[in-house]
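For the single chain, residues carry numbers from 1 onward in sequence order.
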Amino acid sequence: MRLSHSESRQLTFPESQIARYIYGHRDAFLRLIEDKLDVRLGARGAEMTIEGSASDVETAARVLQELYALGEKGYHLSAIDVGRAVDILTREPDTDLVDIFSDQVFASKHAQVISPKGLSQKTYVDAMRRNDVVFGIGPAGTGKTYLAMAMALSAYFDKEVKRIILTRPAVEAGEKLGFLPGDLAEKVNPYLRPLYDALHDMVEVEKAERMLEHGVVEVAPLAFMRGRTLNDAFIIFDEAQNATSAQVKMFLTRIGFNSKAVITGDITQIDLPSHRKSGLIEALNLLEGIEGIAFCRFHKHDVVRHPLVQKIIAAYDQKG
């Protein structure tokens, strides 16, 4: 630890049981905060001493106060939450973590609550609540599709919509299915697998299969959207960076009454042939500023997968 002893600060928490809870098992959460910030933490019951550089002491104090507030609300902290708290408050010191982490989007199978894991995810969730069309743009692992699925299931079980429709370009470069073996369903299923995975992660297998069988959840390639009008539906259009301008326009004009559409994509991962323009990029230029349409942008620091994913993305960004 590179400790710079320029400041010392004392914190006193009103309730020692909650204080010990936010310290983690054998002070594991405190060690994590020390590793991520240039501070040394000393805990004795509800008393906390923070030593280090002035800015890091301030950040550490803010992190601990926010974690304590989450503990008071009964939020079950994990090491990932603590790491995210440090990252968020380092960038945005005034962020209200209680507002972010306690926002329950959907209670998935085994009563696991799905909540935003950062300010960008909270902004995205709020945008889906307030707008009928939302674009989520950013790198893999930022929760774009996963949170959209959680919001779709929440809307369905709250009887706000009657069905959920999940779609994406069937292949990365124009839906050329002929070379794949099997019938049409077998051809397109590998490309729609990530959407099935998100569904099965949140809903018990038997319930998910019933929803698919009864048409409550429909998973289909983008080409199947042509000519339809989608009413009373929550529609997720995934991997939109690999759709052409005509395909994106076709999709957006399918939206019917009492429907929401969420369009997700990563404009740094376009697999279309070089002579074909991404419809997602065109939509960003054409539609921004229209009331009822929101654009939410994610960045590499918003990645919520394995901690190494952020480092991998950063390494490839430097190469590019």
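Applying the side-chain contact (heavy atoms from CB on, under 4.5 Å) test to Ala148 and every residue at least two apart in sequence or in another chain returns Tyr124, Met128, Ile236, Val262. For Ser278, the side-chain contact (heavy atoms from CB on, under 4.5 Å) criterion is met by Gln241, Ile270, Leu272, Leu280, Ile281, not counting sequence neighbours. Qualifying ring pair (Phe, Tyr, Trp, His ring centres under 6.0 Å) partners for Phe13, counting only residues two or more places apart in sequence or in other chains: Tyr68. Listed by chain and number, the residues in a salt bridge (Lys or Arg N to Asp or Glu O under 4.0 Å) with Asp81 are Lys117 (sequence neighbours excluded). Applying the side-chain contact (heavy atoms from CB on, under 4.5 Å) rule to Tyr21 yields the partners His76, Leu77; only residues at least two apart in sequence or on another chain are considered. For the salt bridge (Lys or Arg N to Asp or Glu O under 4.0 Å) test, residues two or more places apart in sequence or in another chain that qualify with Arg62 are Glu66. Partners of Glu206 according to the side-chain contact (heavy atoms from CB on, under 4.5 Å) rule, which considers only residues two or more places apart in sequence or in another chain, are Glu204, Arg210. Here Tyr146 pairs with nothing under the ring pair (Phe, Tyr, Trp, His ring centres under 6.0 Å) rule; sequence neighbours left out.
Proximity of a side-chain donor or acceptor of Thr167 to a complementary backbone N or O of Ala220 within less than 3.5 Å is detected. Formation of a donor-acceptor pair under 3.5 Å by the Glu51 side chain with backbone atoms of Leu41 is not found in this model. With hydrogens and angles ignored, the 3.5 Å screen pairs a side-chain donor or acceptor of Glu15 with a backbone N or O of Gln17. At distances below 3.5 Å, not a single donor-acceptor pair connects side-chain atoms of Thr142 with backbone N or O atoms of Gly138. With hydrogens and angles ignored, the 3.5 Å screen pairs a side-chain donor or acceptor of Asp302 with a backbone N or O of His299. Without hydrogens or angle criteria, Asp201 side chain to Asp197 main chain gives no donor-acceptor distance under 3.5 Å. Side chain of Ser259 to main chain of Ala233: a donor-acceptor pair is present (N/O by atom type, distance under 3.5 Å, no hydrogens or angles). Between the side chain of Asp96 and the backbone N or O of Val98 there is at least one donor-acceptor pair closer than 3.5 Å.
A salt bridge between Arg31 and Glu34 is present, with a side-chain N of the basic residue lying under 4.0 Å from a carboxylate O of the acidic one. One finds no salt bridge joining Asp87 and Arg91 here, because no Lys/Arg side-chain nitrogen approaches an Asp/Glu carboxylate oxygen to under 4.0 Å.
Listed by first and then second residue, the side-chain hydrogen bond (donor to acceptor under 3.5 Å, both in side chains) pairs involving residues 216-234 are Glu218-Arg228, Asp232-Asn258 (not counting sequence neighbours). Residue pairs that meet the ring-ring contact (aromatic ring centres under 6.0 Å, His included) test with at least one member in residues 32-62, sequence neighbours left out, do not exist here. Contacts classified as ring-ring contact (aromatic ring centres under 6.0 Å, His included) and involving residues 22-50 (residues at least two apart or in different chains) are not found.
Counting non-hydrogen atoms of other residues, nucleotides and ligands closer than 6.0 Å to CG of Leu212 gives a total above 12. Within a 6.0 Å sphere centred on CD1 of Ile80, heavy atoms belonging to other residues, nucleotides or ligands number 12 at most.
Counting only N and O atoms by type, the side chains of Asp103 and Ser115 include no donor and acceptor under 3.5 Å apart. Ser53 and Asp56 share a donor-acceptor pair across their side chains, judged by distance under 3.5 Å alone. Checking His200 against Glu209 by side-chain atom types alone, a donor-acceptor pair falls below 3.5 Å.
How far OH of Tyr75 is from CD1 of Ile22: 14.0 Å, rounded to the nearest 0.5 Å.
Ala243 approaches Phe237 most closely through the heavy-atom pair CB-CZ, 3.6 Å. Here the shortest heavy-atom pairing between Glu282 and Lys277 reads CB-CE, 4.2 Å.
Between Phe135 and Phe295, the ring planes lie parallel to each other; the angle is under 30°, not in the 30° to 60° tilted range.
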Ignoring hydrogens and angles, write down the donor-acceptor pairs under 3.5 Å from the side chains of residues 152-162, residues two or more places apart or on other chains.
residue, atom, partner, partner atom, Å
Ser154, OG, Val105, O, 3.4

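Side-chain contact between Asp266 and Ile137 is absent, with no heavy atoms from C-beta onward closer than 4.5 Å. Looking at Arg168 and Leu195, their side chains come closer than 4.5 Å, going by heavy atoms from C-beta outward.
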